[in-house]
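Chain A is the first sequence line, chain B the second, and so forth, proteins listed ahead of strands; every chain is numbered from 1.
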Number of protein chains: 2
Amino acid sequence: MSEFSKEVIVVAGGLGKRMHAGIPKQFLVAAGKPLLMHTLQRFYDYSAEIKIILVLPDPFKAYWESLCRKFSFEVPCIFASGGETRYFSVKSGLKHTGDESLVAVHDGVRPLVSADTIQRVFKIAAAEGNAVPVVNVNQTMRKISGSDSHTVNRDEYRLVQTPQCFRADILKKAYRIEYEDRFTDDAIVVEASGVKICLVQGNPENIKITHPSELKIADALLKQ
Amino acid sequence: MSEFSKEVIVVAGGLGKRMHAGIPKQFLVAAGKPLLMHTLQRFYDYSAEIKIILVLPDPFKAYWESLCRKFSFEVPCIFASGGETRYFSVKSGLKHTGDESLVAVHDGVRPLVSADTIQRVFKIAAAEGNAVPVVNVNQTMRKISGSDSHTVNRDEYRLVQTPQCFRADILKKAYRIEYEDRFTDDAIVVEASGVKICLVQGNPENIKITHPSELKIADALLKQ
């Protein structure tokens with residue numbers, strides 16, 4: 001792993017329409033500070049050497065800086081401007097990455113990523129070119145077909161998390177593909193460029209905070 | 001709905017091998033009392049008229065009774081003996097149900113079911129014969145095929161919860177089918193008897209407490 005420097009693009013481009021909370025969800029407070037600060041701290045704690053690129057919507061940069069002062073938050077970040085969709089936000093962050101690095105892309109609203117998961121995606125991406133963390137589906141699942149539905153074998157499915165990690169050259173090449181609506185995560189974009197995706201174990205608590213009940217869960221788990 | 005009496009079979013037959021906690025997970029304490037007490041309380045709070053059939057492994061009946069004394073827990077329950085698998089536990093509980101009732105079957109380790117979800121499954125089952133609560137998949141999902149995997153359209157999938165509710169005659173007829181390993185929930189058994197399953201909205205917090213991190217989540221959400 002020593003030949004690659006490590007970088008992470010933390011995507012916090014969302015304008016928070018789903019949470020109905022007035023402010024975008026990455027700024028909501030859980031366990032004493034905004035979710036996004038917890039997220040950034042996890043990467044900084046993993047390695048103080050990691051280069052953190054924070055993609056924020058331009059209208060919220062000043063607000064974020066005021067939050068950093070208020071919470072005395074000092075994890076060093078490079079800023080990039082959020083785009084209209086996740087794809088364009090990542091592309092914006094990629095302008096700040098090196099060529100010989102491993103680039104992880106992480107959701108700003110996943111503050112519960114473990115050090116083990118971060119370690120694993122960098123390690124496997126160094127060897128395989130990419131690493132995408134997943135967890136098993138631990139509930140019965142049905143597939144809808146028209147007005148009908150049937151139980152599927154949940155062992156054949158995985159729920160996808162972030163950080164998704166790639167060799168910089170692979171990720172940059174993939175992000176030259178023209179945007180499609182189906183590009184909702186990086187694995188899909190990289191796959192579209194002809195690369196086989198390598199799945200690795202994520203951590204079950206590493207949920208995306210999208211709904212109010214998940215904010216309560218994050219608050220409880222972050223307090224431990 | 002007035003013509004049907006309401007009954008619920010709460011399945012707490014598990015011997016707790018997965019949780020590694022020494023005691024079965026339905027007895028683990030969250031927010032001040034055992035998970036199973038929270039679960040039973042939700043149904044009693046929904047309606048003090050509901051007939052609650054509690055399926056417990058025989059070796060744990062005395063232990064449960066001691067817990068009820070310790071926590072001054074007084075929700076009235078009829079006991080049934082747990083079987084070797086969930087199928088046989090439900091079948092055991094069915095011996096105590098009426099013929100003209102609506103029977104909900106619920107996991108003892110889902111203490112976060114909402115009154116709305118309970119109300120909804122009884123209401124729809126009264127009209128349609130059955131009602132199975134589900135929630136959307138809110139993460140990217142991949143399907144494994146051999147050593148490869150691909151992203152699937154998560155909008156086509158639903159995660160299945162309990163209480164799954166049925167007209168008693170429909171459920172009893174289904175449980176006359178001989179046991180198969182794939183009978184991991186009641187919808188599958190009823191479906192195997194030729195009945196079309198009716199999906200209704202569950203509530204996102206209504207998770208099954210299977211792993212230690214989920215016990216922490218339950219603790220946080222139950223404390224509110």
Determine whether the aromatic ring centres of residues B:Y157 and A:Y157 are separated by less than 6.0 angstrom. yes
Which of A:Q164, A:Q161, A:R86, A:Q26 passes side chain to side chain donor-acceptor pair (under 3.5 Å) with A:D107? It is A:R86
Applying a strict 4.5 Å limit to non-hydrogen atoms, the region of A:E191 in contact with chain B is side chain
*asked:* Please determine whether a side-chain nitrogen of the Lys or Arg among B:D169 and B:K173 lies less than 4.0 Å from a carboxylate oxygen of the Asp or Glu.
replied: no
The interface call for B:K196 against chain A, heavy-atom contacts under 4.5 Å, is side chain
Report task. If the plane angle is over 60° it's perpendicular, under 30° parallel, otherwise tilted; pick one for B:Y87 and B:Y179. Result -> tilted
Of B:K223, B:E205, B:R182, B:M141, the largest count of non-hydrogen pairs under 4.5 angstrom with chain A goes to B:M141
Interface check, chain A: of B:V137, B:D219, B:L199, most non-hydrogen pairs under 4.5 Å belong to B:L199
So, the part of B:S145 with a heavy atom under 4.5 Å from chain A: the answer is neither
Aromatic plane relationship, A:F27 with A:F60 - under 30° parallel, 30 to 60° tilted, over 60° perpendicular:
tilted
Modelled atom types, side-chain donor and acceptor of B:K143 and B:T151, under 3.5 Å: no
If one checks every heavy atom of B:L221 against chain A at 4.5 Å, the contacting part turns out to be side chain
Max heavy-atom pairs within cutoff under 4.5 Å with chain B, candidates A:R158, A:R142, A:Q139, goes to A:R142
